[in-house]
*Asks:* 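Structure incoming, see below.
Only this structure's heavy atoms are used, side chains among them; waters, hydrogens and symmetry mates stay out.
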Amino acid sequence: MKKINKIILAGLVAASSLSAISYEYPQLYKDTKIMGMGGAGIAAGGQTTSIFYNSAGLSQIPKEYGWEVDLFNFGLSINKNIADFGKDLSDVSGTDNEKNKQVLDLVEKNLGNNNHLSANLALLTIGRKFDGVAIGLVPFGGAYLNMKPHSGFGSEGVVETSGLVYGGVAFGISKDIKDVEVGDYILNNFTVGGGIKSVTYKGWNKALTISELVDNKDDMGEYFTDKIAKDGSSAVLDLGMQYDIMPDVKAGLSIQNIGGIGDKETVEIPMTVGVGTAYTKRFNRVWLNQVTVAADYVDLFRNYEQDKDGLKRIRLGVTGNLIDGWAGTLGLQAGMYQGHYTFGVDTRLFFMKIAYTTYAEEIGAY
């Protein structure tokens, strides 16, 4: 399998994914901190972007923090294959026959290589925990592009491509429930959540011919979005719950994107069901005052049709605060995402936060 490295940067803070071409599991938004801890966010909540993992996790936002407002959370992913392919394609020149030969040579050089580019952006995240209720709002956007050269001629094309450019808004709410009788049992510290995402997108799945590559090599992005992409929009629901199965240990269930986003002619993001558990321990001190260990299994019923790989659906992670005081916080994350190690670090000083995450994603399949 092929894999790519990814880096996510998170900027200013106020304190108050895809077709069978690449086999990547498309996702609308990947949070910096959660990806640092291996993508395990179903039972480990506590931030506004928990909406994209389990809306019930909003209940873990500390009430004493008041309104949490993040500005400009940006993620970018680009692998070496697509960077080299794009540079070589832009250098194609000469007569039509010479250009065609150069493109054929370029395709032969890159046969079977996965070429990937993606970005996601949360312009603003707003969340708050009230007495027994928490809410979150996230306007977001992003894009995916995957290209894979292969042997082919005529209408079969020589480069398979899939892509998605999207924008939308997500809203979530959670409610704490206590003393619920279920038969002979009484459930306490039980949280339910719900959310809605409204998304507008342009998507495509197309095999490009030699002439299409030659004729559009200087404005390929415009060709994708204006000439071959199909417009669409979706509104999907999310449901989730968390339950304290013992002190400091939560179990979570999340149903994301009910109704699905996109289709097989564009880029399909199906409804998925995931389960997770998390252990969180807090200490009344400035140094090492919190640690969370989490494990998730996503897409329980394998609605992603790219493959049936169980390991690819496992998320493991740990996060903790090295220091957490009135002036700032320094946190670290580590984990395992789809069988590959992840690492993250975030630091906040007064109203400024900078975070870095690196991880690998499986984008190929046997």
*Asks:* Between Asp238 and Asn257, is there a side-chain heavy-atom distance shorter than 4.5 Å?
*Replies:* yes
*Asks:* State the CG-CD1 distance between Leu137 and Ile173, to the nearest 0.5 angstrom.
*Replies:* 12.0 Å
*Asks:* Are the side chain of Asn79 and the backbone of His116 linked by a donor-acceptor contact shorter than 3.5 Å?
*Replies:* yes
*Asks:* For the pair Ser174 (side chain) and Ser59 (backbone), establish whether a donor and an acceptor sit closer than 3.5 Å, ignoring hydrogens and angles.
*Replies:* yes
*Asks:* Whether the Gln102 and Asp91 side chains hold a donor-acceptor pair (N or O, under 3.5 Å, no angle test) is what I'd like checked.
*Replies:* no
*Asks:* Just how far is it from atom CG of Asp88 to atom CG of Leu106, taken to the nearest 0.5 Å?
*Replies:* 5.5 Å
*Asks:* Main chain of Lys250, side chain of Thr277: is a donor-acceptor contact present, judged purely on distance under 3.5 Å?
*Replies:* yes
*Asks:* What are the two closest heavy atoms between Gly252 and Ala43, and how far apart are they?
*Replies:* N-CB, 4.0 Å
*Asks:* Do Gln27 and Tyr144 have side chains that approach each other closer than 4.5 Å (heavy atoms only, starting at C-beta)?
*Replies:* yes
*Asks:* Could you report the tightest heavy-atom contact between Ser233 and Tyr201, atom names first, then the distance?
*Replies:* N-CE2, 3.5 Å
*Asks:* Do Gln242 and Gln60 touch side chain to side chain, with heavy atoms closer than 4.5 Å?
*Replies:* yes
*Asks:* With a 4.5 Å cut-off on side-chain heavy-atom distances among I, L, V, M, F, W and Y, is there a chain of contacts connecting Met241 to Leu237?
*Replies:* yes
*Asks:* Given side chains that start at C-beta, do those of Leu213 and Ile210 come closer than 4.5 Å, heavy atoms only?
*Replies:* no
*Asks:* For Val199, is there any backbone N or O sitting under 3.5 Å from a side-chain donor or acceptor partner on Ser234?
*Replies:* no
*Asks:* Using distance alone, with no hydrogens and no angle criterion, decide if Lys148 and Asn115 have a side-chain donor and acceptor under 3.5 Å apart.
*Replies:* no
*Asks:* So, do Leu76 and Leu117 sit near enough that their side-chain heavy atoms are less than 4.5 Å apart?
*Replies:* yes
*Asks:* Indicate yes or no for a side-chain donor-acceptor contact from Lys206 to the backbone of Ile228 under 3.5 Å, with no hydrogens or angles considered.
*Replies:* no
*Asks:* Restricting to non-hydrogen atoms, name the atom on Ala294 and the atom on Ala44 that form the minimum distance, rounded to 0.1 Å.
*Replies:* CB-CB, 4.0 Å
*Asks:* Could you walk me through whether Lys227 and Glu212 satisfy the salt bridge (Lys or Arg N to Asp or Glu O under 4.0 Å) test, starting with their C-alpha distance in whole Å, then the side-chain angles of each, then the deciding distance to 0.1 Å, before giving a yes or no?
*Replies:* CA-CA 11 Å; Lys227 300 295 178 61; Glu212 286 177 305; over 6 Å; no
*Asks:* Do the side chains of Glu362 and Leu311 get nearer than 4.5 Å, heavy atoms only?
*Replies:* no
*Asks:* Is it the case that atom CG in Asp96 sees more than 12 heavy atoms from other parts of the structure closer than 6.0 Å?
*Replies:* no
*Asks:* Check the pair Ile135, Phe130 against side-chain contact (heavy atoms from CB on, under 4.5 Å), reporting the backbone distance first and the verdict last.
*Replies:* CA-CA 8 Å; Ile135 60 172; Phe130 300 93; 4.0 Å; yes
*Asks:* Can Leu322 be reached from Phe283 by stepping across I, L, V, M, F, W or Y side chains whose heavy atoms are under 4.5 Å apart?
*Replies:* no
*Asks:* In sequence, state the C-alpha distance, the side-chain angles, and the governing distance for Ile126 and Thr48, and then conclude on side-chain contact (heavy atoms from CB on, under 4.5 Å).
*Replies:* CA-CA 6 Å; Ile126 305 174; Thr48 307; 5.7 Å; no
*Asks:* Go through Thr358 and Tyr356 one step at a time and tell me if the side-chain contact (heavy atoms from CB on, under 4.5 Å) criterion holds.
*Replies:* CA-CA 7 Å; Thr358 180; Tyr356 166 89; 3.6 Å; yes
*Asks:* So, do Arg315 and Tyr337 sit near enough that their side-chain heavy atoms are less than 4.5 Å apart?
*Replies:* yes
*Asks:* How about Asn100 and Val214: do any of their side-chain heavy atoms sit closer than 4.5 Å?
*Replies:* yes
*Asks:* Can you tell me how far apart CG (Leu89) and CG (Asp84) are? Round to the nearest 0.5 Å.
*Replies:* 12.5 Å
*Asks:* Angle between ring planes, Tyr166 versus Phe140, binned at 30° and 60°: parallel, tilted or perpendicular?
*Replies:* tilted
*Asks:* Between the side chains of Asp309 and Arg313, is the shortest nitrogen-to-carboxylate-oxygen separation below 4.0 Å, so that they form an ion pair?
*Replies:* no
*Asks:* Quick check: closest heavy atoms across Gly240 and Ser55, and the distance to 0.1 Å?
*Replies:* N-OG, 4.0 Å
*Asks:* Could you verify whether a donor N or O on one side chain and an acceptor N or O on the other, from Asp31 and Gln47, lie under 3.5 Å apart?
*Replies:* yes
*Asks:* How far does OH of Tyr29 sit from OG1 of Thr125, to the nearest 0.5 angstrom?
*Replies:* 7.0 Å
*Asks:* Tell me whether Phe301 is reachable from Ile314 by hopping between hydrophobic residues (I, L, V, M, F, W, Y) whose side-chain heavy atoms are closer than 4.5 Å.
*Replies:* yes
*Asks:* Do the side chain of Thr200 and the main chain of Gly167 share a donor and acceptor less than 3.5 angstrom apart?
*Replies:* no
*Asks:* For Pro149 and Phe85, which heavy atoms make the closest approach, and how far apart are they?
*Replies:* CG-CE1, 4.0 Å
*Asks:* Between Asn321 (side chain) and Gln290 (backbone), is there a donor-acceptor pair under 3.5 Å?
*Replies:* no
*Asks:* Answer yes or no: is there a donor N or O on one side and an acceptor on the other, between the side chain of Asp296 and the main chain of Gly41, under 3.5 Å?
*Replies:* yes
*Asks:* Are Val318 and Val345 linked, directly or through intermediate hydrophobic residues, by side-chain heavy-atom contacts shorter than 4.5 Å (ILVMFWY only)?
*Replies:* no
*Asks:* Are Tyr304 and Tyr25 close enough that their ring centers fall under 6.0 Å?
*Replies:* yes
*Asks:* Over all heavy atoms of both residues, which pair between Thr342 and Met336 is shortest? Give the atoms and the distance, please.
*Replies:* OG1-N, 4.1 Å
*Asks:* Calculate, to the nearest 0.5 Å, the distance between atoms CG and CD belonging to Leu239 and Gln256 respectively.
*Replies:* 9.0 Å
*Asks:* Taking Thr272 for the side chain and Asp299 for the main chain, is one N or O donor matched with an acceptor at less than 3.5 Å?
*Replies:* no
*Asks:* Step by step, would you call Asn303 with Met271 a side-chain contact (heavy atoms from CB on, under 4.5 Å)?
*Replies:* CA-CA 7 Å; Asn303 289 333; Met271 182 193 81; 4.2 Å; yes
*Asks:* Quickly, which of Thr357, Thr292, Asp346, Thr32 forms a side chain to side chain donor-acceptor pair (under 3.5 Å) with Gln333? Name it, please.
*Replies:* Asp346
*Asks:* Does one hydrophobic cluster hold both Val298 and Val275, with members joined at side-chain heavy-atom distances below 4.5 Å?
*Replies:* no
*Asks:* Under the side-chain hydrogen bond (donor to acceptor under 3.5 Å, both in side chains) criterion, do Asp176 and Thr191 qualify, and how do the steps go?
*Replies:* CA-CA 4 Å; Asp176 297 334; Thr191 302; 3.1 Å; yes
*Asks:* Counting only heavy atoms not in Glu108, do more than 12 sit closer than 6.0 Å to its CD atom?
*Replies:* no
*Asks:* For Lys87, look at atom NZ and say whether over 12 heavy atoms of other residues, nucleotides or ligands are found less than 6.0 Å away.
*Replies:* no
*Asks:* Roughly how far, to the nearest 0.5 Å, is CG of Asn54 from CD1 of Ile255?
*Replies:* 9.5 Å
